[in-house]
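Everything below concerns the one structure shown next.
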Amino acid sequence: MSEKIRLIIDTDPGQDDAAAILMAHGLAKRGLIDFMAITVVAGNVDLHHTANNARIICDWAGEKDFPVYAGASKPFLRQLVTAEEVHGKTGLDGAELHEPVCPLQPVHAVPYLIDTLRKADDASITLCPIGPLTNIAQALSLAPDITRAIKKIVLMGGNYFEAGNITPSAEFNFYVDPHAAQIVLQSGAPITILPLDVTHKACITTPRMDVLRNQNNVNGRRLADILQSYERFDTQKFGLEGGPLHDPCAITYTVFPEFFSGKDCNVEVETQSNLTLGACAVDWWGTTGKPVNAYWVTEVNANKMFYELAESIKQLP
């Protein structure tokens, strides 16, 4: 790898977010990324819990001084919709929680993002949002000049070929803040989208959970417990072989894009209709003539992805 990827994760932990954050810490220990910070947004649960959870996960990874910044507590224009029915009241069902040691930084996530990107070289930082896009949209709206420093936005969100997971037509992250999603898509930044179309092909099967559980570390067993709790909802609701590893797909793509394939498309998000709010219009065949604004991922080598997830978790305590 020619240069280490400088990565900021924007997240709303969440069980699969926990897997993604732990994977990122493991990738950093493997020397594959420079994991700069976590910015936190309300989504799967409220901001108090998502901020607490991010800090707890950093403690688990042995990173008790890792920079965590709390951001938006609600979407741009809508009331917050959460997903306690999936992730539990704390957001981390299946894990024993503690009072976090890792401190919450005194700066709001949005000013942190703006300041960091303004000081950065052109196309030098990868943003990986794996929750609602409120923080990223606010930063891009307040400081459009920061786009020049963004190497890529690799985000988990949206759906097109796959049915929605929060409404019949929408994926959760885009539904929670569709206006933010549309702002990000119109920002001009290079964007890769890992939608339900691909994340539903990367599931945490029992053999894969056993690999984690049999690792000689606490975090392997802990993550297996978390994902086992999480998968019950998805297997019952969607008939999948196991819970989809939505957010680890985005983390994996930042380092191993060759595991994935898709297509450059124009993508827009519905912000008006009550029936299809948060749904994506993906111009897969280029019928509208609108300019391409995202790379829409549809395929993943799930075995290779899971191998790298397990190898990364193996680096942790």
Taking salt bridge (charged side-chain N to carboxylate O under 4.0 Å, His left out) as the test, write out the residues that go with D121, two or more places apart. none
Tell me, which pairs form a salt bridge (charged side-chain N to carboxylate O under 4.0 Å, His left out) where one or both residues lie in residues 209-220, sequence neighbours left out? R213-D225
Provide the full list of ring pair (Phe, Tyr, Trp, His ring centres under 6.0 Å) pairs with a residue in residues 126-166, sequence neighbours left out, each pair given once. F161-W284
R221: salt bridge (charged side-chain N to carboxylate O under 4.0 Å, His left out) partners, not counting sequence neighbours: none
Once salt bridge (charged side-chain N to carboxylate O under 4.0 Å, His left out) is applied, do any residues pair with K290, and if so which ones, sequence neighbours excluded? E268
Among residues at least two apart in sequence or on other chains, which ones pass side chain to side chain contact (heavy atoms under 4.5 Å, CB included) with R148? D122
For residues 50-71, pull every pair meeting salt bridge (charged side-chain N to carboxylate O under 4.0 Å, His left out), keeping only residues two or more places apart or in separate chains. K29-E63
Other cluster members, L77 - Ile/Leu/Val/Met/Phe/Trp/Tyr, side-chain contacts below 4.5 Å: F76, I183
With sequence neighbours excluded, give me every salt bridge (charged side-chain N to carboxylate O under 4.0 Å, His left out) pair touching residues 123-142. none
Give me each pair satisfying salt bridge (charged side-chain N to carboxylate O under 4.0 Å, His left out) with a member in residues 306-317, each pair once, sequence neighbours excluded. R30-E308, E311-K314
Among all residues two or more places apart in sequence or in another chain, which pass the salt bridge (charged side-chain N to carboxylate O under 4.0 Å, His left out) test with D115? K119
With sequence neighbours excluded, residues passing side chain to side chain contact (heavy atoms under 4.5 Å, CB included) with T167: S169, A170, Y175
Going by atom types only, do T11 and D17 share a side-chain donor-acceptor pair under 3.5 Å? yes
Do V184 and I153 have side chains that approach each other closer than 4.5 Å (heavy atoms only, starting at C-beta)? yes
